[in-house]
Amino acid sequence: MSSAFVQAAVILLREGLEAMLVIAMLAGYLTKVGASHRIQALYAGSLAAVGASIIAAWLFAVLNSGEHSDLLEGVIILVAAGLMLYVSGWLMVKQDPRGWQDYLAHKADNALAQDTVWAVGALAFLAVFREGAETVLFINALATTEGGWSAGLFAGLGAATVGLVVLFYFINLIAQKIPLRPLFIITSAFLFAMAIKFIGEAVQEFQEQAILPFTELKSAAWLGAIGLNPTVEALSAQLLVIVFALATYSVVQRNARLAREDKAAIHIAQPQIGNL
């Protein structure tokens with residue numbers, strides 16, 4: 001089983017699972033608020049997003065013309081890494097099931113408030129297309145790092161597609177019982193690790209074009225054996241991203257804690273004011 005097969009399958013399964021979870025949760029919410037007639041629009045928007053993602057992949061292939069460019073590859077990999085970091089952070093922040101439910105309820109309420117099926121369809125389209133567009137970038141980045149669109153990569157995508165069909169059936173059955181916190185944390189951690197790996201690969205592409213210097217770390221040569229970039233430039237960039245991510249997460253958590261404390265203080269103060 002090739003590395004391309006495994007990575008392609010994992011990327012498609014991960015992104016597809018996230019999209020299906022969003023749609024299943026939204027469908028459940030629409031049912032609870034008595035708007036089950038809008039679920040058809042929800043699924044229609046999802047299917048349209050899948051088609052748009054395929055078109056985006058085709059446009060990328062046409063614009064790229066199949067020509068090899070280390071600079072373009074580096075940019076693509078960096079964009080993919082940036083999206084991975086963004087989604088990783090978003091999932092980590094939304095890991096609290098109550099926060100996730102509130103987020104979905106807010107999005108669905110905004111769509112329902114417009115009193116049109118187009119709003120619901122657009123909501124589904126954006127939710128799925130975000131995952132689809134990311135998948136296109138991730139798979140293209142994987143193809144560049146693995147030496148092209150190999151049979152193993154296509155086989156991985158095919159296997160993942162079959163798996164997603166099966167998963168979709170079961171997700172619809174148990175959508176309200178899926179433990180969100182473990183799923184979000186594991187997915188977030190995997191995305192973050194992939195992003196750090198891609199950053200090293202992007203630095204390598206720029207080093208091959210002499211855009212960045214190349215300072216090999218002899219003591220870290222073993223990293224090359226596992227497909228990582230054992231240079232000062234790559235490891236420095238990766239370390240900076242890790243430190244920035246940890247600092248940002250710490251600030252977000254602190255602000256969320258302070259907001260909860262302020263909200264609790266307001267609730268305590270309100271009855272006292274009413275008794276005056």
Side-chain angles (χ1 to χ4, degrees), residues 8-60 83-84 86-87 90-91 94-95 97-140 154 156-184 186-188 190-191:
V10 168
I11 288 173
L12 185 55
L13 280 172
R14 182 191 64 241
E15 298 297 329
L17 180 58
E18 291 173 9
M20 286 192 295
L21 178 60
V22 170
I23 297 304
M25 295 291 288
L26 286 172
Y29 181 81
L30 289 172
T31 300
K32 286 184 177 181
V33 299
S36 56
H37 59 287
R38 305 225 174 137
I39 293 179
Q40 183 177 358
L42 189 74
Y43 290 149
S46 302
L47 290 175
V50 172
S53 297
I54 295 173
I55 293 173
W58 176 78
L59 287 174
F60 183 89
L83 284 171
M84 287 179 179
Y86 172 79
V87 178
W90 185 87
L91 286 171
K94 297 295 182 183
Q95 64 174 280
R98 289 176 301 178
W100 174 242
Q101 294 284 359
D102 291 343
Y103 171 79
L104 289 179
H106 174 69
K107 292 294 186 182
D109 284 340
N110 286 345
L112 290 172
Q114 299 180 42
D115 196 27
T116 173
V117 295
W118 290 105
V120 176
L123 173 61
F125 179 88
L126 293 175
V128 176
F129 185 68
R130 188 193 70 175
E131 306 296 346
E134 289 169 0
T135 301
V136 170
L137 284 173
F138 295 166
I139 294 298
N140 274 288
F154 280 113
L157 293 176
T161 300
V162 174
L164 286 174
V165 172
V166 176
L167 284 172
F168 183 72
Y169 173 77
F170 287 105
I171 285 176
N172 276 308
L173 292 179
I174 59 174
Q176 301 300 327
K177 299 180 181 180
I178 296 175
L180 296 180
R181 188 187 296 272
L183 176 65
F184 276 33
I186 292 171
T187 303
S188 175
F190 180 82
L191 278 171

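Positions are given from 1 along the sequence.
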Looking only at heavy atoms, which two atoms of L13 and A160 are closest? And how far apart?
CD2-O, 3.6 Å
Sorted by chain and number, sequence neighbours left out, side-chain contact (heavy atoms from CB on, under 4.5 Å) with A49 holds for F125, V128, F129
Mind listing the closest non-hydrogen atom pair of T135 and I11 along with its distance?
CG2-CG2, 4.4 Å
